[in-house]
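Taking it in order: structure first as structure tokens, then the write-up.
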Amino acid sequence: MRIATWNVNSLKVRLPQVLDWLAVNQPDVLCLQETKLQDENFPITEIMGAGYQSIYAGQKSYNGVALLGKKMGSETATAIPGLVDPQKRVLAATYGDVRVICIYVPNGESVGSDKYRYKLDWLFDLNKWLRDELIKYPKLALLGDFNIAPEERDVHDPILWGGKVLFSYPEREAFMGLLKLGFVDSFRLFNQPDKSYTWWDYRMMAFRRNMGLRIDHILLSKEFASTCTACTIDKGPRKNERPSDHSPVMVELKA
DNA sequence: ATGGTAGAGGATCTA
């Protein structure tokens, strides 16, 4: 089984790249973030043409998440239970005995801002919800754009980024809080190239200079992680014309 | 101290 995540920064612009990527990589489930599409505009027909079923939760202009599956998912959830939030950042569905939770964690803007507070509160509510989900679903994948670089080696310049949003201690503690629930960072189960990142700013030729951060993650429940055979970042799409600023990440799992 | 780019939508807001 293959499960992948990709922040596409507008599915309208990136649809041809997503269809190409699906054809080459054939994931069983692809999680998308920042679709920036209202539900009535979701390209279900084009995606069906590539052999995938769509589940989506979108809004105008911002945010928006989707799950593309070779089979249709069930038990769909479009928000953290009990959290009233007009921002579409969560989408969960069950594929066979596998629970997939796609998240687009708030960016946080800058440390100390209202959006930063919202991010930390949101992460607290996510943590609370996932305690129950882990009990309910032994095979659980939590993946998406976390907007957090957990460790120094996940940041091209940890001195420059020290204390800044995406790498501040409260955010990194919230990430560690998810690991403490029993999730495993699948990327670190394997030897990886040095300076592996998933996001590069569009500005200052950051990609060419590999000035990136690893902020897109695939966390697996312990039982599920024991079946994981690979986790890879695909830098290819970031080299496309009109690329997303994020690269896809994918895990492979035994049977 | 602040710019640089991209996307949505039609002036800014968000990232």
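Please read all numbers here as calculations on a predicted model, not as lab measurements. Residue numbering restarts at 1 for every chain, and letters A, B, ... go by the order of the sequence lines.
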### Query
Which one, dT5(B), dA8(B), dT14(B), comes nearest to the side chain of Tyr62(A)?
dT14(B)
### Query
Whole Å only: how far is the CG atom of Asn147(A) from the P atom of dT14(B)?
14 Å
### Query
Base, sugar-phosphate, or nothing for Arg89(A), non-hydrogen atoms under 4.0 angstrom?
sugar-phosphate
## Note on the structure
Looking only at heavy atoms, the pair that brings Leu134(A) and Leu181(A) closest together is CD1-O, 3.5 Å
### More than 12 heavy atoms from other groups under 6.0 Å of CZ on Phe190(A)
yes
### Task
Using the side-chain contact (heavy atoms from CB on, under 4.5 Å) rule, pick out the option among Val249(A), Leu189(A), Asp185(A) that qualifies with Cys231(A).
Val249(A)
#### Entry: dA6(B) versus dT2(B) - spacing of their P atoms, nearest Å
23 Å
### Message
Ring centroids only, cut at 6.0 angstrom: are Trp200(A) and Phe207(A) within range, meaning strictly under it?
### Response
yes
### Message
Say we look at dC13(B) and dG9(B): how far apart would their C1' atoms be, to the nearest angstrom?
### Response
10 Å
### Task
Figure out the CE/P separation between Met211(A) and dT5(B), and round it to whole Å.
14 Å
#### Entry: Phosphate OP1/OP2 of dG7(B): any Arg242(A) side-chain N/O under 4.0 Å
yes
### Query
Can you check whether Ser61(A) has a side-chain N or O nearer than 4.0 Å to OP1 or OP2 of dT14(B)?
no
### Query
Quick one: Asn240(A) CG to dT5(B) P, roughly how many Å, whole number?
20 Å
## Note on the structure
Of the listed dG7(B), dT5(B), dG3(B), the closest approach to the Met204(A) side chain comes from dG3(B)
### Task
Give the nucleotide from the list dA8(B), dT5(B), dA15(B) with an atom nearest to the side chain of Asn63(A).
dA15(B)
### Task
Would you please confirm or rule out a distance under 4.0 Å between OP1 or OP2 of dT14(B) and any side-chain N or O of Lys115(A)?
yes
### Query
Got Pro170(A) and Tyr116(A) here, is their nearest side-chain heavy-atom distance under 4.5 Å?
yes
### Message
Please determine whether a side-chain nitrogen or oxygen atom of Arg14(A) lies at a distance below 4.0 Å from atom OP1 or OP2 of dG7(B).
### Response
yes
### Task
Can you figure out which of dA6(B), dG9(B), dA15(B) approaches the side chain of Asn107(A) most closely?
dA15(B)
### Task
Let me know the distance between CG of Asn7(A) and P of dA15(B), rounded to the nearest Å.
11 Å
### Query
In whole angstrom, what separates Arg203(A)'s CZ from dA15(B)'s C1'?
8 Å
### Task
Rounded to whole angstrom, note down the P distance from dG10(B) over to dT14(B).
15 Å
### Query
In whole angstrom, what separates Leu11(A)'s CG from dG7(B)'s P?
13 Å
#### Entry: Distance in angstrom units between His246(A) NE2 and dT5(B) C1', rounded
13 Å
#### Entry: Earlier contact from the 5' end, DNA chain B, for Gln38(A) and Trp199(A)
Gln38(A)
### Query
With respect to the side chain of Tyr104(A), which nucleotide from dA15(B), dA8(B), dA6(B) is positioned closest?
dA15(B)
#### Entry: Atom-pair distance (CG on Asp114(A); C1' on dC13(B)), nearest Å
15 Å
### Shared hydrophobic cluster for Tyr56(A) and Tyr62(A) (ILVMFWY, side-chain gaps under 4.5 Å)
no
### Query
How far, in whole Å, is dA1(B) from dT12(B) if one measures between their C1' atoms?
22 Å
